[in-house]
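Each remark here refers to the structure printed beneath this line.
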Amino acid sequence: MIKIQVITLFPEMFEGVLNSSMMWKAQKQQAVDFRLINLRDFGLGPRKQVDDTPYGGGDGMLLMIEPLTAAISDAKKHDPSAKVILTTPRGQRWKQLAAQNFANSKDGYIFICGRYEGVDERVMNLVDYYISVGDYVLTGGELPAMTIIDSIVRLIPGVLGGENSAAIESFSDGETLEFPQYTRPEVFKGLEVPKVLISGNHAEIAKWRAENSLKAE
Ligand code: 4FV
């Protein structure tokens with residue numbers, strides 16, 4: 001069982017994603033255990049402050065180090081050996097091979113979802129992985145965390161079940177990402193399914209798929 005904890009100001013954003021489809025099934029199978037941590041619970045003072053202005057000036061706010069440190073400590077009490085992941089545009093680009101490695105790992109994960117302009121740099125002393133989902137800036141780290149979590153959980157053995165395991169196998173080299181796929185009807189408005197895919201010749205099908213695959217950069 002992989003424990004995945006998420007530190008966020010918007011836990012409600014995860015309810016739909018974690019409680020439907022594959023994610024819900026993965027929890028039911030006890031392949032994964034999710035725990036949402038509301039950063040606001042660790043805010044400072046009566047107003048539960050979690051953000052403040054940056055030293056040196058500049059627009060926007062930063063998430064403060066104390067609430068983040070307290071929230072990470074809470075998560076570590078729950079899973080002492082967990083690895084801490086910060087989603088940030090400055091991180092290493094997330095790839096299928098990394099998802100494969102994380103899914104096969106016995107480690108638990110603690111995701112920190114940034115907000116505003118980001119987080120106080122001193123939190124980096126507590127972070128194991130800095131991961132980016134792409135070279136663009138989002139309003140929060142929640143969507144990247146959901147993306148990364150989805151790509152990991154779907155690869156946990158048994159979660160997708162037989163109907164997709166063959167497909168997963170063919171991508172398990174971590175670089176083959178996609179080849180063209182077709183389903184009924186065989187001809188649609190004159191557009192035909194490639195004959196090789198109807199041939200029943202599995203070697204030829206595998207060869208065609210390899211030749212027509214999109215490879216990871
Ligand atoms: C992001 C990305 C991302 C930046 C400021 C959250 C936001 C806010 N995370 N890949 N691209 N994060 O844009 O991972 O704190």
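Both ligands and their constituent atoms are indexed starting at 1 by order of listing. Because the structure is a prediction, the values reported are computed rather than measured.
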Fill in the blank from the handout: Sorted by chain and residue number, the salt bridge (charged side-chain N to carboxylate O under 4.0 Å, His left out) partners of Glu204 (sequence neighbours excluded) come out as none

Completion exercise
ligand 1 to Gly141, heavy atom cutoff 4.0 Å, flagged ligand atoms 6 (C)

Completion exercise
Those residues at least two apart in sequence (or on a different chain) that pass salt bridge (charged side-chain N to carboxylate O under 4.0 Å, His left out) with Asp51 are none

Practice task
Please report the C-alpha distance between Phe102 and Tyr129 in whole Å, then the side-chain angles of each, then the deciding distance to 0.1 Å, and finally whether the ring pair (Phe, Tyr, Trp, His ring centres under 6.0 Å) criterion is met.
Solution key: CA-CA 11 Å; Phe102 278 48; Tyr129 298 99; 4.9 Å; yes

Exercise for the section: For Pro144, counting its heavy atoms only, list the atoms of ligand 1 lying under 4.0 Å from any of them. Expected result: 1 (C), 9 (N), 14 (O)

Problem - Trp94 vs Ser132, side chain to side chain donor-acceptor pair (under 3.5 Å): CA-CA, chis, key distance, verdict - result: CA-CA 6 Å; Trp94 186 246; Ser132 168; over 6 Å; no

Completion exercise
When distances are taken from atom 14 (O) of ligand 1, the protein heavy atom at minimum range is Thr88 N, 3.3 Å

Exercise for the section: Begin from the C-alpha positions of Lys195 and Glu186 and carry the test salt bridge (Lys or Arg N to Asp or Glu O under 4.0 Å) through to its verdict. Expected result: CA-CA 9 Å; Lys195 293 281 180 264; Glu186 264 188 54; 5.4 Å; no

Exercise for the section: Between Leu63 and ligand 1, find which residue part has any heavy-atom pair under 4.0 Å and reply side chain, backbone, both or neither. Expected result: neither

Handout entry: Polar atom proximity, Thr139 to ligand 1 (N or O, under 3.5 Å)
Key = no

Exercise for the section: Provide the number and element of each atom of ligand 1 under 4.0 Å from a heavy atom of Ile131. Expected result: 14 (O)

Handout entry: Distance filter under 4.0 Å to Val137 heavy atoms, resulting ligand 1 atoms
Key = 13 (O)

Exercise for the section: May I ask you to check if ligand 1 and Leu138 share an N or O to N or O distance below 3.5 Å? Expected result: yes

Practice task
Answer with yes or no whether Val119 contacts ligand 1, where contact means a heavy atom under 4.0 Å from a ligand atom.
Solution key: no

Problem - Residue Gly118 vicinity, atoms of ligand 1 by number, heavy atom under 4.0 Å - result: 15 (O)

Fill in the blank from the handout: Near Thr87 (heavy-atom distance under 4.0 Å), the atoms of ligand 1 are 9 (N), 14 (O)

Fill in the blank from the handout: Counting from 1 in the order shown, the ligand 1 atoms closer than 4.0 Å to a non-hydrogen atom of Tyr116 are 5 (C), 8 (C), 15 (O)

Exercise for the section: For ligand 1, note which part of Pro89 has a heavy atom under 4.0 Å away: side chain, backbone, both or neither. Expected result: both

Practice task
For the residue pair Trp208 and Tyr182, categorise the inter-ring angle as parallel (less than 30°), tilted (30 to 60°) or perpendicular (more than 60°).
Solution key: tilted

Exercise for the section: Looking only at distances, please establish whether an N/O atom of ligand 1 is found under 3.5 Å from an N/O atom of Gly134. Expected result: yes

